[in-house]
Visitor: 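Structure in structure tokens, see below.
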Number of protein chains: 2
Amino acid sequence: MSVKTVLIVDDEPAIREMIAVALEMADYECLEAADAREAHALIIDRQPDIILLDWMLPGTSGIELARRLKKEETTANIPIIMLTAKVEEDNKIRGLEVGADDYITKPFSPRELVARLKAVLRRATPPGIDAPIEVDGLTLDPSSHRVTANDSFLSVGPTEYRLLQFFMTHQERVYTRSQLLDQVWGGNVYVEERTVDVHIRRLRKALGARHDHLIQTVRGAGYRFSTQPA
Amino acid sequence: MSVKTVLIVDDEPAIREMIAVALEMADYECLEAADAREAHALIIDRQPDIILLDWMLPGTSGIELARRLKKEETTANIPIIMLTAKVEEDNKIRGLEVGADDYITKPFSPRELVARLKAVLRRATPPGIDAPIEVDGLTLDPSSHRVTANDSFLSVGPTEYRLLQFFMTHQERVYTRSQLLDQVWGGNVYVEERTVDVHIRRLRKALGARHDHLIQTVRGAGYRFSTQPA
DNA sequence: AAAGTCTGTCACATGTTTGTAACACTGGGG
DNA sequence: CCCCAGTGTTACAAACATGTGACAGACTTT
């Protein structure tokens, strides 16, 4: 899961600040804009995953910006959450008609904000319909999160599962420990490269004698998942 | 497929109008009522196939009407979709407890409304979907709202019932806590993810040793309902 | 009003997973 | 045959995820 980028559009610096703090604590990356022009530039430039848009903006209003964004093909599928101090329901309806995906009335708790944001992002990324991957009697099924070897279930830990999933979707190619750390652990963690060895070992053990040869050591280079003999 | 008749109950003429337009474009026949009395008369008289019921009504509240309708035998099986402007999600739960079949928070898009309406009708019409689900001696019967384990009734709370129903209709697949909150609690509720754990625990306890293994923990991922061993 | 139910949250218990270090082994070059 | 860099293997404490019991507040029923 990569870190999501949130664009906060509000003319009040204090509010932006408050939101940004809350979001950063929840591991989101924040961009800030004070008006529609600035927002638009950032959208094009940085491609945020979701936009928090204040109803009231100097110049072009928030709702106007939302409408424009939803009209353009390149930005239409970026989810938008409208923020407003207004209580009137009309605004709410108009906001959503314009294509906003959710709506938060100020004042709101940081917790609620984060929860809503999560919900919207979740809905925007529909649950994957990943097909099971099968190799040589070994099956990994993402939807049930299960690994099967000839009809019997294998018990693999979380990291080993991710490792196996990566390998099965990237067969026949060598990956260095460093690359594996990037791809399986996620870019910005600091762990020893030898840690990969240990997890490879654990994965092989979990796979059992019947399949552990699929994970091949390439001396001086890294590891490879291959159906071909080493 | 005959044309379905929809009764719209809302005190705001503008909203009724908006809904009616959307529904008529989707080929539904619309009836409108502004309050509970009017609604009741139309229900007896015209026998709508489904009711869209606003939460806020002058006089008898929407929820009160729903409760009454679900209590009476002649009207109990008319599906009800609750509409509300309230943000508090407690309402959602109470609305569903009363027997509403779905729930939509204003504001909503006409698209969403039609989609939900269709879904509810689909669920309501074929007797098949109302059929009891049986797994390994454990039976959930939506029509009687009961859970049975080998001929003895189990006492499960409302949330646990919904959780179980969701799981039994979505077996063999992992759901994250987040997804479960979406599916079982409802889209924009905001509760801690750990709350899911607690309800899982309660459900397991209610199921008893004989069946609690059906709810499996998938470490680092979520939960799964499965007849296969973990 | 009282007793009971249900829910969400917390604090603590329990159990797993993870990263690391330490040591054992291997294979290929000299 | 010996080196030794590279890899396999094991053990372990810390970090983390989940299980579990208790509790307060909101509602419902008596």
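Residue numbering restarts at 1 for every chain, and letters A, B, ... go by the order of the sequence lines. Since the model is a prediction, treat every value here as computed from it, not as a measurement.
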Visitor: How close or far is atom P of C:dT17 from atom OH of A:Tyr161, stated in whole angstroms?
Guide: 15 Å
Visitor: Give a yes/no answer on whether the side chain of A:Thr159 brings an N or O atom under 4.0 Å of OP1 or OP2 in C:dT17.
Guide: no
Visitor: Find the distance B:Leu181:CG to C:dT7:P and express it as a whole number of Å.
Guide: 14 Å
Visitor: Could you measure the distance from the CZ atom of B:Phe167 to the CD atom of B:Gln216? Nearest 0.5 Å is fine.
Guide: 10.0 Å
Visitor: So if I take every side-chain heavy atom of A:Arg202 and compare against D:dA11, C:dT7, D:dG19, which nucleotide ends up nearest?
Guide: D:dA11
Visitor: Want to settle it: does B:Val156 or B:Glu192 sit nearer the 5' end of DNA chain C, counting the closest nucleotide to each?
Guide: B:Val156
Visitor: Of all residues at least two apart in sequence or in a different chain, which pass the ring pair (Phe, Tyr, Trp, His ring centres under 6.0 Å) check with A:His145?
Guide: A:Tyr161
Visitor: Tell me the interatomic distance from B:Asp197, atom CG, to C:dT14, atom P, rounded to whole angstroms.
Guide: 18 Å
Visitor: Does B:Trp185 place a side-chain N or O at less than 4.0 Å from the phosphate oxygens OP1/OP2 of C:dG8?
Guide: yes
Visitor: Say you draw a straight line from CG of A:Leu154 to CZ of A:Arg146; how long is it, rounded to the nearest 0.5 Å?
Guide: 11.5 Å
Visitor: Would you indicate what B:Thr217 reaches in the nucleic acid, counting non-hydrogen atoms under 4.0 angstrom: base, sugar-phosphate, or nothing?
Guide: sugar-phosphate
Visitor: Atom NE2 of A:His145 to atom P of D:dA17: distance rounded to whole Å?
Guide: 14 Å
Visitor: Under 4.0 angstrom, heavy atoms only, what part of the nucleic acid is B:Tyr223 near: base, sugar-phosphate, or nothing?
Guide: sugar-phosphate
Visitor: Which whole-number value in Å describes the distance from B:Leu207 CG to D:dG19 P?
Guide: 14 Å
Visitor: Please tell me which of the listed nucleotides, C:dT9, C:dC6, D:dT9, lies nearest to the side chain of B:Val198?
Guide: C:dT9
Visitor: Which listed nucleotide (C:dG19, D:dG8, C:dT18) is nearest to the side chain of A:Arg194?
Guide: D:dG8
Visitor: B:Glu192 and B:Tyr190: side-chain donor and acceptor closer than 3.5 Å?
Guide: no
Visitor: Which part of the nucleic acid does A:Glu160 contact within heavy-atom distance under 4.0 Å: base, sugar-phosphate only, or nothing?
Guide: sugar-phosphate
Visitor: What is the nucleic acid contact for A:Val218, judged by heavy atoms within less than 4.0 Å: base, sugar-phosphate only, or nothing?
Guide: sugar-phosphate
Visitor: Identify which nucleotide among C:dT7, D:dT18, D:dT7 has an atom closest to any side-chain atom of B:Arg177, counting heavy atoms from C-beta outward.
Guide: D:dT18
Visitor: Starting from P on D:dT20, measure out to CG on B:Leu203 and report it in whole angstrom.
Guide: 13 Å
Visitor: Take the protein atom NE2 of B:His199 and the nucleotide atom P of C:dT9, then report the distance between them rounded to whole Å.
Guide: 9 Å
Visitor: Report the distance from atom CZ of A:Arg224 to atom CG of A:Leu214, rounding to the nearest 0.5 Å.
Guide: 11.5 Å
Visitor: Just to be sure I understand the rule, does B:Arg204 reach a base, reach only the sugar-phosphate, or reach nothing, if contact means heavy atoms closer than 4.0 Å?
Guide: sugar-phosphate
Visitor: Identify which one of A:Arg204, A:Lys205, A:His211, A:Arg210 satisfies the side chain to side chain contact (heavy atoms under 4.5 Å, CB included) criterion when paired with A:Leu207.
Guide: A:His211
Visitor: Specify the separation, in whole Å, of atom NZ of A:Lys205 and atom P of C:dT17.
Guide: 13 Å
Visitor: Could you check B:Ser155 against B:Arg219 and say which one's nearest nucleotide on DNA chain C is further toward the 5' end?
Guide: B:Ser155
